[in-house]
Amino acid sequence: MADIFEKLIKNQGPLGQHRERAHGYFAFPKLEGEIGNRMKFRGKDMIVWSLNNYLGLANHPDVRKADADATADYGLATPMGARMMSGNSNYHEQLEAELAAFEQKEDSILMNYGYQGIMSAIDALCGRHDVIVYDAESHACIIDGLRLHPGHRYVFKHNDVEDCDKQLERATALIEKQKTGGILVITEGVFGMAGDQGKLKEIVDLKSKYDFRLLVDDAHGFGTLGETGAGAGEEQGCQDGIDLYFSTFAKSMASIGAFMAGPKVIIDYIRYNIRSQIFAKSLPMPFVIGNLKRLELLRNHRELKDKLWSNARKLQEGLKARGFDIGKTDSVVTPIYMKGGVPEATAMVMDLRENYHVFCSIVVYPVIPKGHIIYRLIPTSVHTDADIEETLKAFTETKEKLDAGQYRVELIPDMAG
Ligand SMILES: Cc1ncc(COP(=O)(O)O)c(C=O)c1O
């Protein structure tokens with residue numbers, strides 16, 4: 001019989017195989033100091049482009065005060081137990097009502113984490129006769145939700161509405177043959193890797209042809225898109241066609257937790273059937289009160305979103321003017337596409353950090369195909385013109401070195417420790 005541990009030690013997984021040289025630097029780095037545009041990494045000041053603190057709320061004085069006051073008043077324990085049993089409060093219900101109103105939906109439900117929340121919501125919503133039609137580049141939490149789904153699922157090519165139409169046709173034929181079940185389409189408001197918005201408007205338009213419900217994960221659109229910041233549905237003028245709107249608090253809200261908004265009767269159904277919330281402790285009060293404060297600021301200070309976009313435009317236009325390929329982003333998420341192997345990418349990142357003091361995330365094989373590198377820059381409202389200028393200069397110089405083969409190394413630089 002094989003020993004499970006022995007197998008795991010032999011094969012640490014696609015990313016884990018690099019851990020001995022990468023840990024603490026390329027993976028699991030420790031950024032220190034106040035969350036903002038500049039933080040410390042291994043004692044050096046860095047311009048930080050890897051935090052989804054889009055609106056700069058992480059360190060907003062009103063947010064810090066609300067978090068501190070709520071922690072002093074309630075501690076982290078209150079309320080104890082699951083919402084359904086003993087963990088409910090007026091604050092939880094107030095946050096749900098305010099989020100629903102903001103998203104122009106009847107009701108919403110809080111979730112402790114986005115990842116497990118949406119996974120579990122998919123599980124609650126769909127039974128074995130239902131069919132899920134989803135975008136090929138959906139976030140891991142959606143894919144894991146699909147793993148819980150006992151029925152059929154059809155994937156459409158990323159943001160390809162024609163293929164979505166085709167998959168809906170297949171799904172409809174299957175449902176008609178089964179004579180039972182329904183269709184749930186799942187996509188994202190903004191795809192976090194490439195920054196392209198999901199084609200929500202076109203998918204909503206398919207409702208005139210097929211019967212289905214639409215669930216949108218708008219983790220990166222919430223707070224950053226739409227006139228009021230209500231997200232990609234508002235931006236594209238199709239919020240009404242989104243049956244279930246989901247976002248995490250981990251990005252624009254710079255906090256933790258998540259919510260799903262939709263028709264009252266369906267949100268109530270989820271409330272009484274979502275296993276990850278029914279069998280888990282309620283979101284602690286400081287998070288709920290802290291999130292109420294964040295939502296208030298997000299709603300009442302549109303200048304934060306305006307500043308975010310002004311920074312995003314400067315960064316994106318600056319990159320394009322210097323000949324960088326930033327793909328098809330139409331959100332603030334700013335990818336830079338380059339070619340190179342994994343060791344080369346890490347050597348370039350090391351140069352960016354050590355000599356240019358620019359800290360950003362990289363995405364390499366096996367997350368994307370071999371030979372490709374994506375640098376992912378996340379602008380925020382707290383970045384400055386100087387941050388953008390220095391970063392543009394850093395990328396221009398390091399790209400020249402990359403093209404000249406100066407980062408060609410056999411192995412990932414050994415930076416563990
Ligand atoms: C698209 C998307 N959905 C869901 C999540 C998970 O949310 P959370 O961090 O609250 O678990 C993330 C990442 O945070 C995300 O990018």
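One-based numbering, in listed order, for ligands and for the atoms of each. The residues of the chain are indexed from 1 along the displayed sequence.
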Amino acids in close contact with ligand 1, where any non-hydrogen atom sits under 4.0 angstrom away: Tyr113, Gly114, Tyr115, His139, Cys141, Glu188, Asp217, Ala219, His220, Thr248, Ala250, Lys251, Gly257
Steps toward ring pair (Phe, Tyr, Trp, His ring centres under 6.0 Å) verdict (Phe287, Tyr91): CA-CA 10 Å; Phe287 292 101; Tyr91 285 113; over 10 Å; no
Any pair counted as side chain to side chain donor-acceptor pair (under 3.5 Å), so long as it reaches residues 363-381, sequence neighbours left out: Thr380-His383
Short side-chain donor-acceptor distance under 3.5 Å, Asp130 and His149: no
Ring pair (Phe, Tyr, Trp, His ring centres under 6.0 Å) against His129, all qualifying residues, sequence neighbours excluded: none
Whether Phe359 and Phe41 hold their rings parallel, tilted or perpendicular, with breakpoints at 30° and 60°: perpendicular
Sequence-distant partners of Lys65, salt bridge (Lys or Arg N to Asp or Glu O under 4.0 Å), two or more places apart: Asp69
